[in-house]
Amino acid sequence: MSTGTKYNPKEIENKWYGSWLEHGFFRSKPNPKKEPYTIVIPPPNVTGVLHMGHMLNNTIQDILVRRARMRGKEACWVPGTDHASIATEAKVVAMLQERGIQKSDLTREEFLEYAWEWKEKYGGIILEQLKKLGASCDWDRTRFTMEEDLSAAVIEVFVDLYRKGQIYRGVRMVNWDPKGGTALSDEEVIPKDTMAKMYHLRYEVVRDVDDVLNEGVPAYITVATSRPETIMADVAVAVNPNDERYKHLHGKKVRIPLLGRAIPVILDEYVSIDFGTGALKVTPAHDLNDYELGLKHNLPIIDILNDDGSLNEKAQLYVGQDRFAARRNIVKDLEEAELLVKIEEYASVLQTSERTGAVIEPRLSLQWFCKMDAMAKPAMEAVMEDEIKLHPPKFKNMYRSWMENIRDWCISRQLWWGQRIPAYYLPDGSYVVACSTEEALELARHESGNADLQAEDLRQDEDVLDTWFSSWLWPISVFDGFKDPDNKDIQYYYPTNDLVTAPEILFFWVARMIMAGYEFRNEPPFRNVYLTGIVRDAQGRKMSKSLGNSPDPLDLIEKYGADGVRTGMLFSSQAGNDLFFDEKLIEQGRNFSNKIWNAFRLIKGWEVDETLPCPNETAIRWFESRFNAAFVQIEDHFSKYRISDALLSVYKLVWDDFCSNYLEMIKPTYQQPIDKETLKATVGFMEQVLKVLHPFMPFLTEELWHELKERKELEYIIVASWPKKDRFNKEIIDQMESVLKVVAAIRNVRNSKNIPNNKSLDLSVKQMGQLDYAPFLGIIRKLGNISEISLVQESVEGAISFVEAGDEFFIPMEGNIDVAAERERLLKELEYTQGFLNSVTKKLSNERFVKGAPEAVIANERKKQADAEAKIKALEQSLAAL
RNA sequence: GGGGUGUUAGCUCAGCUGGUUCAGAGCACCUGCCUUACAAGCAGGGGGUCACUGGUUCGAAUCCAGUACGCCCCA
C-alpha cells in the first residue's frame, strides 16, 4: 500500500470489488435464521448508460443494502434491466439503417433477431457501470424483462386480467406518435410551450328556403383554429347558446371552406365565448374535446389521417401530404380564396413524443386497455394508511389525487420489441385470448363451434405490450412469483423492504407495482418508497444527454474515486428534493476520503512503548460517549430515511470529533511512542468509525479495515457487525464542550494578538462555576499550547481575559495590552450579556409564563439567569482589573 | 382553472412534538499559518427582520388565515 499524503483510490477499488465478488458477499439465499432485507433495483433501460440520476439512486440503494448486511440481515439487492420497447426499437432501427436495412423490409422474426443481437452487444452496459460505483447487487440474480420467464409472467397476467374482465379492447383517443408509429401513454408525452398560430377562417352560412338575410350576398361565420388542415374532418361548428352574436345561426348549417360540405351549427355551453371567435369547429377524430362533443351530439367521425401523419383519401384534398405540408398548402389556398380572415399568434402547449420528438396526434384508435378503478382502490389505501410509506411523506397527497382521478391504462404499443399481445383473431373477426397458440386454437374451436379450425386460421394481434406492463410485475417476477407462486425465494424475500426511485415515476411505475402486488399476491410489493430528487445542473436544468450538461459519472469516479463521488452526491441530497449538482460537492467527498486516509496514517505510524502509562483517560472516556451519542443520532436519521443527514452526522463525527478533537488530544509529541492503552482504544475507535462510514464509502473503509489490523480470511468490513446503540455519558460530553470552548477562546486570543502557535502561553483560572477542570487540564494544555495553568482567587492584571462556563480566564501578556481596545471588547460583551439577562428576567417575572410553562423550561430559564449573572460579575471584575 | 408544494446566511438546505444562547449545517467568503497525519490541510472570524400582513399563545422560524412570488401535477 502506498502511504503518501493523498488517498489514491484507483487500484484499491478494483481490488476490493473483485475480492467481494470472489467471496460471494453480495450473494443471498433464503436463510430462515436471518431476517431478509430486500431491494429490487428500478430496472434501468437496457439501452441506457449511467447518468447522474442513476448514480444518486443506486448509491442510496447500496447504502441501505450495505447497512442492512452489516446489521445481520440477509441482504438481497436484485439487479436487472427493462427492455424499453420504444427506445430500444429506435436504436435497432438506427442500427439497421446504418447497414442499409429498412425495418419495413423485415419480417417480425427477422427484426427481433436483430434486436436481440443489439441487446446482447450493447445492452446492460449500465450494470457494468454500477459495479464501478460499488453497487453490491447479487449479480447472479440479474433479470431482464424480456427474458423467457418474465415474458411468460406478463402473458399470464394479461390472460388472467382479461378473464377477470379487467382488460378490454376499445376505441379511444390516444396520443399517437406518427414518427414512432405507436400510441404513447400520457407520461411519455412532453408538453412544450410554444407560440402557435390561430387561423381565422370563414365558413359560409347555408341559406334556407325561407332565409331572408343578406339576399344575394353570402353570410359567413368566422371560426378560429390552430389546425386548418383538419377542416376536412369537420362535422359541425359549435357556439355557445348564450352568445348573442350567433343567435341568428341557431339551427343553421355552414359550409366547410374549400370543400363545401355542409355541416350543422350546434349549441354547447362548453364553448367559451371569449376564446378565439367564440365559434369552434368540431373535429371528433382529431381532438379529444371534440371527440367528446361529438359523442354528446351524436356526430359522425371522419378520420382523415394515416398512421404516419399524412392525409388519407377521406380528406379529399391534399391526399398523401404530410399534416404540416397540408397545413402550409391549405393556408395558401384559403388565402387565395379569401376565406382566411387573419392569423393570430398565441401561447400554446405543444404535445411532443418523449422518444421521437414528433408532435403528438390525438387519434382514435383501437387499443387494449387495463381497467384501473378496482385495482387502484387497495393501492391508494395502502399508501394513505401507511402500510406503504413514502419518504418524504409530502408525496402522499400527490399520490392520492392521482389515484382518485385515475384513467384506464392503454397497454398496447404498435411495436415489435416487446411481449406480443396474446389475442388471436378468428376468420370471422372475433378473438380469443390465451397463453399459447395451442390453447388459443382449442378455445377458438370451442367458442366458434368449428372443430376444423387450424392454427393457420388464427391471426395473433400485431401489437406488443407497454414496457410498464412488464415493470409493474418486477418485484414479483424477479423472484419467479408467477411461474412458481410458492417458491422459497418469493416466500422469503417478498414483500421487499425498500424501493428507491424518482418522483417522476411515482404514478406510472410505483403505483402500478402496488396495484400488482395486491392483485396478484395480496400483499404490498415493498414497505417503504424513498423518493430521490432530480439531479440538475447549477442553472437548475435537468441533467440530460441531449443538453450535454451532465458530466460522465465514470469520469468523475476516475477523477475523484467512487467513495468521493458517492458521498459528494449525497451531501446535498435530501429525500425528494432536487439536487443541484456541482463538481465542488464531489471534491468535498474526495477531500473527506483523504481526511480519513490521513487519520489512518497517523495512527498507523505510532510506535508503542509498553511501559508508558496512559495519560488519555479523559479523552478516551469522552470519545466513547461522543461516538455513542452520535451513533444514536445516525441511527435515528436512518430510521427516518434521512440518508443525507445520516451522512452529515458521520462526517462531523469523523472530521470534527475524531480527527480535530480526539486525535489531537491523544497524539503523542512528534516521534514519541504512544502508550499501549491509548493505542488500543484508538484502533478500536477507528474500527467503529470505519464501520459507520462503510455504507457510504465502501472501498476506502475496506482498505483501511485490512490495513489497520491483521484480519482472518473472511473478516471483511462489508460483513462486519454494525455498532450497537450503547449508553453514553451526557455529562462528559457537555463538560468537554465547555472545555473545547475554553480552548477556542485561547486560540482566538492567539489569533487576534498575532501570537504564533508554537509560542506557549500561561493561563490562570478564577473558578466560580461548577466545572471541575482537573481531568481536563492536560487537554487544555495540549490543545491550547499552554505551559502552565494556575488557579487564582483574584483577577489577574495585565492580562487578556475571557469568560467561559461561568469561569474567568486570564492570559498574562508581558506588558503591552491595548487597554482601550480590551475595555471596548469587554464592554460589548457585557452589554450583550445584560441584554440577554434582561430578556430572561422578564420572562421569569411574567406570572403567566411561570404558571403556564413546564417545569423543565422554567428550571432552564433560571439556570440561564444564574449563568448570565455570573458572567456579568466576572466581566465587571475584568473591567475593574484593567 | 383545479390540486399539491415551497419561500430561513452569498449558494444548497436542516430546523421533528411551539420552549436550551435558536436562528443552525455544509459550501463559499475574510484573517493568520507549508505546526511534525492531512494546504485535498490547520486555527480563528464575519454574515440572516426566518417572503409579507394579521391571528392564536405566557412564548411563534415552528400552529392558523390572508397576500406576494416560485416550482410540480392535472385540465
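The chains referred to below are lettered A, B, ... by the order of the sequence lines, with proteins before strands, and numbering in each begins at 1. Quick note: numbers below take in every heavy atom, side chains included, and nothing from hydrogens, waters or symmetry partners.
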Return yes when atom NZ of K389(A) has more than 12 non-hydrogen atoms of other residues, nucleotides or ligands closer than 6.0 Å, and no otherwise. no
Nearest-Å distance once atom C1' is located in both A14(B) and A23(B): 12 Å
Rounded to the nearest angstrom, tell me the gap between atom CD1 in I603(A) and atom P in U36(B). 19 Å
Taking C63(B) as the reference, what is the distance to C73(B) when you measure between their P atoms (whole Å, please)? 26 Å
Between A14(B) atom P and K652(A) atom NZ, what is the distance in whole Å? 14 Å
With the threshold set at 4.0 Å, does a side-chain nitrogen-carboxylate oxygen contact exist between R642(A) and D636(A)? no
Of K640(A) and K741(A), the one whose nearest nucleotide on RNA chain B sits closer to the 5' end is K640(A)
Watson-Crick or G-U stems involving RNA chain B, each at least 3 pairs long, distances under 3.5 Å, ordered by first number: B:1-7 with B:68-74, B:10-13 with B:24-27, B:29-33 with B:41-45, B:51-55 with B:63-67
Does any N or O in the side chain of R750(A) come within less than 3.5 Å of the main-chain N or O of N785(A), such that one atom is a donor and the other an acceptor? yes
Taking only N and O in the side chain of R601(A), is any of them less than 4.0 Å away from OP1 or OP2 of G41(B)? no
Indicate whether any N or O donor in one side chain lies under 3.5 Å from an N or O acceptor in the other, for Y560(A) and S593(A). no
Per atom distances to the N751(A) side chain, the nearest of C38(B), A37(B), G44(B) is G44(B)
Can you tell me if the side-chain N/O atoms of R747(A) get under 4.0 Å from OP1 or OP2 in C33(B)? no
Look at atom CD of E607(A) and say whether more than 12 heavy atoms of other residues, nucleotides or ligands are closer to it than 6.0 Å. no
Between A68(B) and G54(B), how far is it from one C1' atom to the other, in whole Å? 15 Å
Can a salt bridge be assigned to the pair K640(A) and E635(A) using a cut-off of 4.0 Å between side-chain N and carboxylate O? no
Salt bridge present between K559(A) and D555(A) (N-O < 4.0 angstrom): no
Determine the interatomic distance between C1' on U53(B) and the same-named atom on A60(B); round to the nearest Å. 15 Å
Span that lies between the C1' atom of G24(B) and that of G48(B), in whole angstrom: 11 Å
Please give the distance between the P atoms of A25(B) and G45(B) as a whole number of Å. 12 Å
Between A37(B), A43(B), A75(B), which nucleotide has the shortest distance from any of its atoms to the side chain of R407(A)? A75(B)
Ionic contact status for K10(A) with E558(A), cut-off 4.0 Å: yes
Just wondering, more than 12 heavy atoms not from K584(A) lying within 6.0 Å of its NZ? no
Could you go over nucleotides 4-8 of chain B and give all protein N or O partners under 3.5 Å, atom names and distances?
residue : atom : partner : partner atom : Å
G4(B)   : O3'  : N397(A) : ND2          : 3.2
U5(B)   : OP1  : N397(A) : ND2          : 2.7

Between F658(A) and Y662(A), is a ring pair (Phe, Tyr, Trp, His ring centres under 6.0 Å) present by the stated rule, with each step listed? CA-CA 5 Å; F658(A) 187 64; Y662(A) 175 75; 5.8 Å; yes
Counting the atoms with a prime plus P, OP1 and OP2 as sugar-phosphate, which does R590(A) contact under 4.0 Å by heavy atoms, base, sugar-phosphate, or nothing? base
Out of G44(B), C27(B), C16(B), whichever nucleotide has its closest atom nearest the side chain of K584(A): C27(B)
Using OP1 and OP2 only, check whether a side-chain N or O of K759(A) sits under 4.0 Å from U35(B). no
In terms of side-chain heavy atoms of K6(A), which of C27(B), C38(B), A75(B) is nearest? C38(B)
Nearest to the side chain of N748(A), which nucleotide is it out of G44(B), C42(B), G26(B)? G44(B)
d(CD, E583(A); P, G26(B)) in whole Å: 22 Å
For residues T567(A) and G589(A), report the shortest heavy-atom separation together with the two atoms involved. OG1-CA, 3.4 Å
Separation of D582(A) atom CG from A28(B) atom C1', in whole Å? 10 Å
On a whole-Å scale, what distance lies between the C1' atoms belonging to G19(B) and G3(B)? 36 Å
What contact category does N758(A) fall into here, base, sugar-phosphate, or nothing, at under 4.0 angstrom with non-hydrogen atoms? nothing
Would you say Y651(A) reaches C27(B)'s phosphate, i.e. side-chain N/O to OP1/OP2 under 4.0 Å? yes
Flag, side chain of K6(A) to backbone of N594(A), donor-acceptor distance under 3.5 Å: no
Whichever of N594(A) and H637(A) has the more 5' nearest nucleotide on RNA chain B, that residue is H637(A)
Report the distance from atom CG of N591(A) to atom C1' of G26(B), rounded to the nearest whole Å. 13 Å
Spacing of the P atoms in G18(B) and U57(B) (rounded, Å): 16 Å
From CG of L570(A) over to P of A14(B), roughly how many Å is that when rounded to an integer? 14 Å
To the side chain of L648(A), which of G32(B), A25(B), U36(B) is closest? A25(B)
Rounded to whole angstroms, how far apart are CG on L761(A) and C1' on A43(B)? 14 Å
Measure up the W468(A) and W509(A) rings against each other and bin them: parallel (under 30°), tilted (30 to 60°), perpendicular (over 60°). tilted
For RNA chain B, which residues of residues 655-668 of chain A approach it to below 4.0 angstrom with any heavy atom? W655(A), C659(A), S660(A), E664(A), K667(A)
Whole Å only: how far is the CG atom of N785(A) from the P atom of G44(B)? 14 Å
Taking the inter-plane angle between the rings of Y7(A) and W597(A) on a 0 to 90° scale, is it parallel (under 30°), tilted (30 to 60°) or perpendicular (over 60°)? tilted
